[in-house]
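These notes concern the structure reproduced below.
Just follow the structure's listing: the first ligand is 1, and inside any ligand the first atom is 1. We count residues from 1, following the sequence as given. Please read all numbers here as calculations on a predicted model, not as lab measurements. Side chains are part of it too, since the values below use all heavy atoms of this structure and drop only hydrogens, waters and symmetry mates.
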Amino acid sequence: MASLLALFYAFLLLATMNAVAGDLTEFKVGDTGGWREPDANSTSMYSQWAAKNRFQVGDSLNFEYKEDSVLVVEKWGYHHCNTSNPISAFNNGKTVIKLDKPGPIYFISGAPDHCKNGQRLVVDVLTVHPTPPSIAVPPQSYNPTDSFAPSPLPSSGVSVAVAAIPFLMALTATLVTLVSGSP
Ligand SMILES: *[C@@H]1O[C@H](CO)[C@@H](O)[C@H](O)[C@H]1NC(C)=O
Ligand SMILES: *[C@@H]1O[C@H](CO)[C@@H](O)[C@H](O)[C@H]1NC(C)=O
């Protein structure tokens, strides 16, 4: 019976950890097109791609490319397409970069003229806030429907997981009582 309880608890714990891990995303840069020099009619494809995604600390970017390269550069290098002083450089065709700190991170192609033709990317990495209790109460009279709209919390997965912990503890306590209470 005790081992059954342990199994049950392990299962719940695993489910909780999965909820947290499920929050981490690997983005394929450029989606199906990958990392390449844009066509002349779509030079802003990477800023459009970045604008439709939300990047958080812990997520990663997957660059897939052929006869090209990925350079991580400073803001200056991004704006001037200057490839001479990269922070890091990759050219093996598949580069996964972990977004390990908040703030902007800049990428350009190292191939001649590719950056100038739009093969550059900046992503703004957001911090994950595990517990965002909202203290500020918006004025109720302004727009009553607003207060019923679900707020888009940046880290719902983590919040749910954290919220589940007291529940798990209560559940375990109940089970322990049940088990020890049985003859
Ligand atoms: C952009 O140009 C390419 C050829 O250079 C063409 O195949 C493609 O259909 C064009 N896309 C749009 C949206 O006009
Ligand atoms: C790139 O920047 C370096 C200094 O970091 C400079 O010497 C070089 O001329 C620049 N290249 C171009 C093409 O602007």
Would you mind listing each N/O atom of ligand 2 next to any protein N/O under 3.5 Å, plus the distance?
{"from": "ligand 2", "atom 1": "2 (O)", "to": "Asn82", "atom 2": "OD1", "distance (Å)": "3.3"}
{"from": "ligand 2", "atom 1": "2 (O)", "to": "Asn82", "atom 2": "ND2", "distance (Å)": "2.3"}
{"from": "ligand 2", "atom 1": "2 (O)", "to": "Ser84", "atom 2": "OG", "distance (Å)": "3.3"}
{"from": "ligand 2", "atom 1": "11 (N)", "to": "Asn82", "atom 2": "ND2", "distance (Å)": "2.9"}
{"from": "ligand 2", "atom 1": "14 (O)", "to": "Asn82", "atom 2": "ND2", "distance (Å)": "3.4"}

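No donor-acceptor pair closer than 3.5 Å links the side chain of Asn117 to the backbone N or O of His114. With hydrogens and angles disregarded, a donor-acceptor distance shorter than 3.5 Å links the side chain of Ser69 to the backbone of Gly110. In terms of modelled atom types and a separation under 3.5 Å, the side chain of Lys28 and the main chain of Phe63 share no donor-acceptor contact.
Under the 3.5 Å distance criterion, with hydrogens and angles disregarded, no donor-acceptor pair is assigned to the side chains of Ser109 and Tyr65. Between the side chains of Asn91 and Glu67, no donor-acceptor pair of N or O atoms lies under 3.5 Å.
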Side-chain donor/acceptor pairs under 3.5 Å, residues 71-83, sequence neighbours excluded:
{"from": "His80", "atom 1": "ND1", "to": "Trp76", "atom 2": "O", "distance (Å)": "3.0"}
{"from": "Asn82", "atom 1": "OD1", "to": "Ser84", "atom 2": "N", "distance (Å)": "2.8"}
{"from": "Asn82", "atom 1": "OD1", "to": "Ser84", "atom 2": "OG", "distance (Å)": "2.6"}

